Amino acid sequence: MELDCNNLKISLQKKGRLAESSLQILKSAGVELESSGGRLLVRARNFPLDVLFLRDDDIPEYVQDGVTDLGIVGLNVLKEKRAQTAQLDYLGFGDCELCIAVPKRGSLRSFRDLSGKRIATSYPNILREYLKEKGVDGRVIEISGSVEIAPSLDVADAICDLVSSGSTLRIHDLVPIEVVLKSEAVLVANPCSLENPDKKVLIDRLRTRVRSHLLARKTKYVMMNAPEEALDQIQKILPGMKSPTVVPLAEKGMIAVHTAVPEEFFWDVIEKLQITGATDILVVPVEKMVVS
Ligand code: PRP
Ligand code: ZN
């Protein structure tokens with residue numbers, strides 16, 4: 001299969017921490033892919049989109065050079081590669097931290113102890129910049145993988161590597177002492193693609209779908225019954241959404257109130273609603289919340 005030059009192109013990680021969720025986010029945006037059969041280039045069935053599967057480290061440069069219009073990549077890789085791309089949306093998955101860690105039973109205790117010490121990492125650019133900014137004069141030892149073994153081989157005194165579950169550090173008797181960067185998956189674009197009207201339309205369509213899914217994930221739809229006179233109070237409790245839907249019930253003096261509530265306020269809101277006399281509170285997940 002060849003690239004279709006009218007199609008939008010996106011690069012995704014082929015294997016690794018973001019691979020599965022990146023496909024999932026396209027799916028949640030209603031984009032179905034033809035079966036890949038291990039191919040590195042796959043076309044979408046129902047959206048003008050070609051998907052390229054790459055090593056995550058290559059994605060920033062492919063997007064910068066316009067090989068693909070879009071990419072999904074970890075903020076850690078994006079910052080390390082220093083490619084010129086436009087950062088569009090945080091995607092709410094692939095959360096991890098780039099941390100400095102030291103041997104559990106060694107003499108190093110804090111970040112400030114690292115002056116003059118060797119720090120092994122596959123993120124030399126981010127680390128150098130961080131050390132400089134903080135005025136700690138550590139020596140950066142660049143290694144492309146298995147960084148966690150460097151201290152026990154006496155190749156380094158500390159490491160700077162991604163931590164997700166923390167199990168890699170634990171297994172190697174290392175403890176984190178400093179968070180250098182908080183990372184998650186981001187959607188990035190080639191700046192020229194954003195200026196191309198045909199591409200821009202497609203990018204906006206895709207982004208609307210993705211963001212509608214992300215917003216829905218953080219929102220609950222709440223239905224309740226309440227005495228009519230409680231309506232004023234209920235409206236004050238409901239956080240910043242548009243006005244709720246209010247329907248009279250068969251029972252005189254009673255109403256049903258329906259509204260969307262952001263998950264972050266959720267329990268707070270429910271507990272306050274109960275005090276107003278709201279009953280039969282029903283909470284349902286929201287499938288999509290269409291952003292405009
Ligand atoms: C990172 C890092 C550790 C591991 C940490 O590698 O280098 O090996 O993940 O995760 P944990 O805290 O859950 O144990 P990654 O899987 O990103 O591979 P890569 O660096 O080769 O892309
Ligand atoms: Zn990688």
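Whatever order the structure lists ligands and atoms in, that order sets their numbers, starting from 1. Note that the coordinates shown come from a computational prediction; the quantities given were computed from them, not determined experimentally.
- At a 3.5 angstrom cut-off on N or O pairs, Val163 does not count as close to ligand 1.
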Problem set entry | Chi angles and distances behind the salt bridge (Lys or Arg N to Asp or Glu O under 4.0 Å) call for Glu34, Arg45 | CA-CA 6 Å; Glu34 287 172 355; Arg45 249 195 273 278; 5.9 Å; no
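- Side chain of Asp50 to main chain of Arg43: no donor-acceptor pair is present (N/O by atom type, distance under 3.5 Å, no hydrogens or angles).
- Screening residues 63-122 for ring pair (Phe, Tyr, Trp, His ring centres under 6.0 Å) gives Phe111-Tyr130 as the qualifying pairs, with residues at least two apart or on separate chains.
- Among Asp56, Thr121, Asp161, the residue whose heavy atom sits closest to atom 22 (O) of ligand 1 is Asp56.
- Partner of Leu174 under the side-chain contact (heavy atoms from CB on, under 4.5 Å) criterion, chosen from Leu169, Ile149, Ile100, Val163: Leu169.
- A ring pair (Phe, Tyr, Trp, His ring centres under 6.0 Å) check over residues 146-191, counting only residues at least two apart or in different chains, returns nothing.
- Short contacts between ligand 1 and Ser165, defined as distances under 4.0 Å to a heavy atom of the residue, involve ligand atoms 11 (P), 12 (O), 13 (O), 14 (O).
- Taking every heavy atom of Ser167 and a limit of under 4.0 angstrom, the matching atoms of ligand 1 come to 12 (O), 14 (O).
- Every atom of ligand 1 is numbered from 1 in the order shown, and the set under 4.0 Å from a heavy atom of Gly166 is 11 (P), 12 (O), 13 (O).
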